[in-house]
**Student:** 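One structure coming up, written as structure tokens, with questions to follow.
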Amino acid sequence: MNKSNSKRRAAEQYLLSLLDTCDSIPKLHQAQAHLLKLGLHSNPLVLTKFTSTSSSLSSLSSSLSLLFSPFSSPHLYDSFLFNTLIRSLAHSSLPSFNLLAISYFSLMLRRRLLPNKFTFPFLLKAIAAAPSPHLLGPQAHAAAIKFTFADDLFVRNTLIHMYSCCSGGFHSARKVFDGMPKTNVVSWSAMIGGYVRSGLSNEAVALFREMQVSGVRPDEVTVVAVLSACADLGALELGHWIKSFVERERIPKTLPLCNALLDALAKCGDIDGALKVFVEMPERSIVSWTSVIDGLAMHGRGREAVAVFEEMRTAGVVPDDVVFIGVLSACSHAGMVDEGRRYFTSMKSEFGIEPKIEHCGCMVDLFSRAGMVEQAMEFVQSMPMSPNPVIWRTLISACRVHGKLELGESITRNLLADEPMHGSNYVLLSNVYALSRRWEKKSEIRKVMSKQGIKKVPGCSLLEFNGEIHEFIAGDELHSKYRDVFDMVEEMGRKLKLAGYVPVLSEVLLDIDEEDKEDALHQHSEKLAIAFALLKTAPRTTIRIAKNLRVCADCHLATKFISKVYDRDIVVRDRNRFHHFRDGLCSCRDFW
DNA sequence: GTAGGGTTAG
């Protein structure tokens with residue numbers, strides 16, 4: 001070995017060990033300076049190490065500035081360096097970096113470097129994280145086949161993940177999954193997670209059960225995915241079952257697992273169980289705090305939510321924009337107008353966080369619920385961004401509840417012009433008309449809807465019974481299996497009336513006579529679910545229901561009566577929040 | 001040196 005070669009070798013070794021000691025970005029920058037001084041800017045070994053170090057310190061731009069520098073010689077790069085680069089860029093949460101990963105793959109091919117079995121998992125991960133995975137994903141799949149790596153277990157598992165990140169891609173994901181001669185825990189977790197991502201939580205739970213039958217042992221990642229499904233479904237029994245499963249199977253209680261558990265319990269109605277998980281967590285991230293605050297907000301426990309936020313600040317955790325959504329919605333659900341205002345102002349002044357439309361939406365809701373419709377309107381006019389349909393719908397509900405019918409009507413007309421195919425907008429307008437007793441206008445709406453083929457989203461309520469999740473859909477055909485359920489709804493109606501209940505007919509969309517309207521109300525999904533629970537469950541046990549829409553005025557009133565007449569606690573999670581019905585009253589204090 | 005996972009207005 002000649003002298004200059006051994007000198008270069010020594011420099012290379014020095015830098016590699018220097019990079020090993022880099023545990024902060026300033027140290028990384030020092031190493032970068034040494035690297036340039038020693039002329040190692042084209043050394044693939046050093047550049048690879050530098051890339052993976054800068055990636056683990058979330059400072060990939062340092063590495064990119066080196067690789068893109070005019071001094072570097074990309075012709076020296078090997079497959080290993082490209083793999084490292086693609087992996088590091090795929091790992092980033094910035095879409096532009098994910099895209100860069102994909103372009104490095106092309107560059108690699110242009111330089112006639114062969115991808116190996118490690119390349120495709122990295123590439124597919126980048127594609128999954130980048131915008132429009134459905135465009136590049138199938139091409140990458142074809143490339144994996146061409147280079148004979150498509151049968152590799154790691155590649156297939158990442159294919160499942162990639163396809164399930166494409167909208168509607170769970171079919172393709174399932175095809176890959178079903179075609180695998182051998183699967184492992186990652187394949188199952190990826191598929192279960194894919195179902196959750198597509199909003200198919202029931203399928204996710206079903207696949208989890210299949211996984212257990214097949215003898216593949218779930219791990220902490222599987223459990224996190226199943227817990228998200230659980231949170232989505234509001235399946236408390238399943239949530240509790242998973243909790244004991246984790247204990248029994250000694251599945252490591254990682255931070256994401258505890259966060260998922262805490263979030264699922266809160267979203268399934270066991271907020272105190274969620275708080276217990278939170279208190280016992282050995283370490284917490286901002287996600288843990290946010291889940292607790294959101295959970296308390298959903299249960300109308302705004303004071304406690306705000307207290308938790310203050311505790312978080314005392315603990316030295318820096319708030320982000322997401323946690324403020326929880327704080328503001330807590331204030332709104334608990335009628336804490338002044339606090340809400342203060343927190344909103346503090347976002348920018350104290351924490352330098354620019355409010356987004358979601359935060360403004362919380363403020364509009366805060367004023368609206370408190371009956372301050374004018375302030376809500378003024379707030380909308382002073383927002384730095386233009387209002388979106390969510391904001392308009394919040395305002396319209398406020399107009400309806402607080403009797404500002406003309407304003408409500410004019411806003412709804414604008415909204416209908418923006419979103420003519422959105423069924424819930426017509427429902428809102430129809431309800432405004434019903435309150436102002438303009439029946440002819442109301443029936444006009446119905447005609448427009450049927451003419452244009454605009455459909456209402458059907459109401460759907462979920463209820464767990466005997467370890468199964470039962471689904472009730474509003475206006476479902478009278479199924480023979482549920483004959484007794486419909487009879488029970490009729491009987492409930494009679495009993496409630498004796499107790500003083502008067503059906504609220506104004507929200508029925510159909511242009512039919514009063515008696516038929518009452519029948520239509522009887523078919524609302526939560527009434528079916530409650531009737532089922534009254535028939536099947538032991539006296540005085542709590543009834544828990546999760547539904548997809550907001551509770552309608554009639555079901556809200558009826559459920560209050562049911563809780564008293566039948567002596568049951570009834571917990572309903574609707575689109576927005578929890579309602580705890582007990583002894584004729586609701587925890588939302590009729591504010592929802 | 002490889003894959004799957006946690007919070008987000010109404």
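Keep in mind that what you see is a predicted model, and the values were worked out from it rather than measured. In what follows, every chain begins at residue 1, and chains take the letters A, B, ... in the order their sequences are listed.
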**Student:** Considering every strand and a 4.0 Å limit on heavy-atom distances, what is the contact class for A:Phe120: base, sugar-phosphate, or nothing?
**Tutor:** nothing

**Student:** Looking only at the aromatic ring of each residue, does the gap between the centers of A:Phe154 and A:Phe118 stay below 6.0 angstrom?
**Tutor:** no

**Student:** Does B:dG5 have OP1 or OP2 sitting under 4.0 Å from an N or O in the side chain of A:Arg197?
**Tutor:** yes

**Student:** Could you tell me whether A:Arg156 contacts a base, only the sugar-phosphate backbone, or nothing, with contacts defined as non-hydrogen atoms closer than 4.0 Å?
**Tutor:** nothing

**Student:** Need one value for A:Thr254: base, sugar-phosphate or nothing, where a base atom within 4.0 Å counts as base even if backbone is also close, heavy atoms only.
**Tutor:**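 Since a base atom lies under 4.0 Å of A:Thr254, the category is base.
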
**Student:** Out of B:dG4, B:dT2, B:dA9, which nucleotide sits closest to the side chain of A:Glu358?
**Tutor:**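 Nearest listed nucleotide: B:dA9.
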
**Student:** From the list B:dT8, B:dA9, B:dG4, which nucleotide is the closest neighbour of the side chain of A:Ile357?
**Tutor:** B:dA9

**Student:** Do you see a donor-acceptor pair shorter than 3.5 Å between the side chains of A:Thr183 and A:Trp188?
**Tutor:**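 Yes - a donor-acceptor pair under 3.5 Å links their side chains.
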
**Student:** Could you check whether A:Arg400 pairs with A:Glu409 (Lys NZ or Arg NE/NH1/NH2 to Asp/Glu carboxylate O, under 4.0 Å)?
**Tutor:** no

**Student:** Hydrogens and angles aside, do A:Asn83 and A:Thr119 bring a side-chain donor and acceptor to less than 3.5 Å of each other?
**Tutor:**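 Yes, side-chain donor-acceptor contact under 3.5 Å.
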
**Student:** To the nearest 0.5 angstrom, please state how far the CZ atom of A:Arg174 sits from the CD atom of A:Glu203.
**Tutor:** 9.5 Å

**Student:** So which of residues 179-188 of chain A are in contact with DNA chain B, with a heavy-atom cut-off of under 4.0 Å?
**Tutor:**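 Residues of residues 179-188 of chain A under 4.0 Å from DNA chain B: A:Asn184, A:Val185, A:Val186.
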
**Student:** Test salt bridge (Lys or Arg N to Asp or Glu O under 4.0 Å) on A:Arg301 and A:Asp272 and set out the steps.
**Tutor:** CA-CA 11 Å; A:Arg301 289 161 65 165; A:Asp272 295 311; 3.4 Å; yes

**Student:** Compute whether any side-chain donor of one residue and acceptor of the other, for A:His579 and A:Asp574, lie under 3.5 angstrom apart.
**Tutor:**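 There is such a pair between these side chains.
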
**Student:** B:dA3, OP1 or OP2 - any side-chain N/O from A:His161 closer than 4.0 Å?
**Tutor:**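 For A:His161, the contact criterion (side-chain N or O under 4.0 Å from OP1 or OP2 of B:dA3) is not met.
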
**Student:** Starting at CG of A:Leu89 and ending at P of B:dT2, how long is that distance when rounded to a whole Å?
**Tutor:**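 Going from A:Leu89 (CG) to B:dT2 (P), I get 17 Å.
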
**Student:** Which ones in residues 323-339 of chain A lie close to DNA chain B, meaning a heavy atom under 4.0 Å from one of its atoms?
**Tutor:** A:Ile325, A:Ser329, A:His333

**Student:** Report which part of the nucleic acid A:Arg577 touches: base, sugar-phosphate, or nothing (heavy-atom distance under 4.0 Å, all strands).
**Tutor:** nothing

**Student:** Looking at A:Lys117, does any N or O in its side chain come under 4.0 Å of the phosphate oxygens OP1/OP2 on B:dG1?
**Tutor:**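 No, because none of the side-chain N or O atoms of A:Lys117 sits under 4.0 Å from OP1 or OP2 of B:dG1.
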
**Student:** Using a cut-off of 4.0 Å on non-hydrogen atoms, how would the nucleic acid contact of A:Leu255 be classed: base, sugar-phosphate, or nothing?
**Tutor:** base

**Student:** Using the side-chain heavy atoms of A:Val221, tell me which of these nucleotides is nearest: B:dT7, B:dG10, B:dG5.
**Tutor:**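 Of B:dT7, B:dG10, B:dG5, B:dG5 is nearest to the side chain of A:Val221.
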
**Student:** Have a look at A:Lys267 and say if it touches a base, only the backbone sugar-phosphate, or nothing, with a 4.0 Å heavy-atom cut-off.
**Tutor:** sugar-phosphate

**Student:** Out of B:dT7, B:dA9, B:dG4, which nucleotide sits closest to the side chain of A:Asp219?
**Tutor:** B:dG4

**Student:** To the nearest Å, how far apart are A:Phe82 CZ and B:dG1 P?
**Tutor:**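 Nearest whole value for this atom pair: 21 Å.
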
**Student:** Which one, B:dG5, B:dT7, B:dA9, comes nearest to the side chain of A:Ile391?
**Tutor:** B:dA9

**Student:** Quiz question: by atom type and distance under 3.5 Å, do the side chains of A:Tyr163 and A:His141 form a donor-acceptor pair?
**Tutor:** yes

**Student:** For A:Asn83, report the nucleic acid contact type (base, sugar-phosphate, nothing); a contact means any heavy atom under 4.0 Å.
**Tutor:** base

**Student:** Tell me what A:Asn388 touches on the nucleic acid: a base, only sugar-phosphate, or nothing, going by heavy atoms under 4.0 Å.
**Tutor:**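 Touches a base.
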
**Student:** Do we see A:Phe118 stacking on the base of B:dT2, given a limit of 5.5 Å between centres and 30° between planes?
**Tutor:** no

**Student:** Mind checking if A:Ser397 touches a base, just sugar-phosphate, or nothing, with heavy atoms under 4.0 Å?
**Tutor:** nothing

